[in-house]
2 protein chains.
Amino acid sequence: MFTVGEFSRICQVSIKTLHHYDRIGLLTPLKVDPFTGYRYYGQQQVERMLLISRLKRYGFSLDEMKSLLECEDERVLFSRLSRQKEVLKAQRRETELAIAELSAHLQDFQKTGDIMGYQKNYEITVTETTDRVVIASRQVMAVRDFGRYYGALYERIARERLTPDGVCGAVYYDEEFNHESTDIELIVGIREKDRADKIMKGQLCAWTVHRGPYSSLSDAYGALVTWIEENGYAWDGAPYEIYIKTQFDSLAPEDWETEIFFPVKRK
Amino acid sequence: MFTVGEFSRICQVSIKTLHHYDRIGLLTPLKVDPFTGYRYYGQQQVERMLLISRLKRYGFSLDEMKSLLECEDERVLFSRLSRQKEVLKAQRRETELAIAELSAHLQDFQKTGDIMGYQKNYEITVTETTDRVVIASRQVMAVRDFGRYYGALYERIARERLTPDGVCGAVYYDEEFNHESTDIELIVGIREKDRADKIMKGQLCAWTVHRGPYSSLSDAYGALVTWIEENGYAWDGAPYEIYIKTQFDSLAPEDWETEIFFPVKRK
DNA sequence: TATAGTGCCTGACCCAAGGGGAGAGTCAAT
DNA sequence: ATTGACTCTCCCCTTGGGTCAGGCACTATA
């Protein structure tokens, strides 16, 4: 049996952490002296603690670990670990994106001598758009569920034998920003005018192209809003994006292209 | 000028976040109505906010951003961004390590049908070690500074024209576990017995080999401690590791090998 | 001009995963 | 018996916000 201090040295974990794990019931000592409150740990606890350290490296939260370690079914355990591997891979992708973005930023910085140099890269013009014939699906969704809803739209196209014209985008109606649930309408352009869900009337729009991953899309929105204000226009409807070059063209995120349209009117 | 709601939509940031940034002084509105307390933001704030979002993606803390954005010298700014890129790369390496470790774990799991199956991989034996002739450097250091102190040792070997015999390791004297400062003695074996800092006397040791990255080293320590207790031995001195296969053999972390020696005596 | 429907304010409390320190009690060796 | 190391509980602190609650402010419509 080990005291907390010994146990902490063996497992390379701080005493504070052990107290914490005891309180939340993740790792309780083998025995606690009822009079002094001293904690005594045994071998089994060493093994459990080392497993906990591992799971922590895998990115599990303490809560998740608790339910994991209570889990009896080994297949469930296995699939939970496998899923976590996907989570780690997603995290790696995100870090890679950030590295790519930062690298591009450093280049812009060096060229322009301005940490905000990247903002000058947006060429903004006003155009009269033509009508767009689209099928649409509007709902409140989390940004990360985009893929799922697009899937449904494309299934519908197949089922109803429609002909997509290559346009693919999203309209933002949000009245309040919220990553978890935003009022978005996904649109896919089709040729069959009579069977469309709606026709987006041509309209005066401030327009620009964003090159790079979606995480920096709001830079483009910001540039547009600033430009609109500075050039004597005013908003006139919900802005929308059209995806021009995406991952489906097997391009890296830094080469993706998105057109952004902001309906405006003269002030 | 925009109200918080508008501003939050433009910048894709929640109102609560804007309140928070205002309180900590990271992003203060252009104007605050002294009677109603309403916040009004301008274009400059849009740019600043978007830059903040970027910096957040790069992994800066809000505190770091504050000092970054107050920084006047562009060379300092540039080098801070460059350093952050290294931080992101280190993070990516760590995630990759975790993925590799988890993959290996899943294989062990599948083979043994036990989530703790990996623990059975340690073959532990008791041996009488031979004397080791070493130069040594003992101090309280952070684990991450290992490299720096080893550099100093190898410089000394070059300067004093000593002959390393290929042994390279570390002795752990810690009385209290702490990642930031631990009492460690780095050792490098040499041939010149008369010019050594010390001779580690041969001793009875429980011994095992750890295969894999250093993050899971404590598994080996745990296995040893358990084994020692179960087999009627007792600790008898500070444990030490010898690095057998490392990154300097241009191997991936999952192939590194570390021998661990735990001085023991019969109980 | 009254009123409804938003929008916005502050303040208080909450989360994870512990860290730091105070003040008091315990253990083991001298 | 005393010292020094060890441990206990309790409370507050951190980061980056989220979540109400209660109370004003603004604007459009009737």
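Numbers restart at 1 for each chain; the letters A, B, ... are given by sequence-line order, proteins then strands.
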Side-chain donor/acceptor of Tyr38(A) to base of dC6(D), under 3.5 Å = yes

Side-chain donor-acceptor pairs of residues 21-33 of chain A under 3.5 Å, sequence neighbours excluded:
| unit_1 | atom_1 | unit_2 | atom_2 | d |
| --- | --- | --- | --- | --- |
| Asp22(A) | OD2 | Arg39(A) | NE | 2.8 |
| Arg23(A) | NH2 | His20(A) | ND1 | 3.4 |
| Asp33(A) | OD1 | Phe35(A) | N | 2.8 |
| Asp33(A) | OD1 | Thr36(A) | N | 3.2 |

Taking DNA chain C as the partner, which of residues 17-33 of chain B come within under 4.0 angstrom of it by heavy atom?
-> His19(B)

Polar pair under 3.5 Å, donor/acceptor by atom type, side chain Lys56(B), base dG16(D) | no

Nearest nucleotide by nearest heavy atom, which residue falls closer to the 5' end of DNA chain D, Phe35(B) or Phe60(B)?
-> Phe60(B)

Identify which nucleotide among dT7(D), dA25(D), dA17(C) has an atom closest to any side-chain atom of Thr36(B), counting heavy atoms from C-beta outward.
-> dA25(D)

To the nearest angstrom, the CZ-C1' distance between Arg39(A) and dT26(C) comes to 14 Å

Whole angstrom is fine here: how far is it from CD1 in Ile15(B) over to C1' in dC20(D)?
-> 15 Å

Euclidean distance, atom NZ of residue Lys66(A) to atom C1' of dA16(C) [Å, nearest integer] = 14 Å

Could you give me the CA-CA distance, side-chain angles and deciding distance for Phe78(A) and Phe109(B), then say whether side-chain contact (heavy atoms from CB on, under 4.5 Å) is met?
-> CA-CA 8 Å; Phe78(A) 193 86; Phe109(B) 192 176; 3.6 Å; yes

Could you tell me the separation between the CG atom of Asp63(B) and the P atom of dG17(D), rounded to a whole number of Å?
-> 13 Å

So which nucleotide from dT10(C), dT7(D), dC8(C) ends up closest to the side chain of Thr3(B)?
-> dC8(C)

Hey, is Glu185(B) close enough to Lys198(B) for a salt bridge, meaning N to O under 4.0 Å?
-> yes

Between the side-chain atoms of Lys16(A) and the base atoms of dG20(C), is any donor-acceptor pair under 3.5 Å?
-> yes

Name each donor-acceptor pair under 3.5 Å that joins a side chain in residues 219-226 of chain A to protein atoms two or more places apart or in another chain, with its distance.
| unit_1 | atom_1 | unit_2 | atom_2 | d |
| --- | --- | --- | --- | --- |
| Asp219(A) | OD2 | Arg54(B) | NE | 2.9 |
| Asp219(A) | OD2 | Arg54(B) | NH2 | 2.9 |
| Tyr221(A) | OH | Glu241(A) | OE2 | 3.1 |
| Thr226(A) | OG1 | Gly222(A) | O | 2.9 |

Does Gln43(B) CD have over 12 foreign heavy atoms under 6.0 Å away?
-> yes

Rounded to whole angstrom units, what separation is found between the CE atom of Met49(B) and the C1' atom of dG17(D)?
-> 12 Å

5' priority, DNA chain C, between Glu6(B) and Tyr40(A) [closest heavy atom] | Glu6(B)

What do you reckon, is CD of Gln203(A) surrounded by more than 12 foreign heavy atoms closer than 6.0 Å?
-> yes

So, is Ser14(B) near the phosphate of dG17(D), with a side-chain N or O under 4.0 Å from OP1 or OP2?
-> no

Is any side-chain heavy atom of Ser82(B) less than 4.5 Å from a side-chain heavy atom of Lys85(B)?
-> no

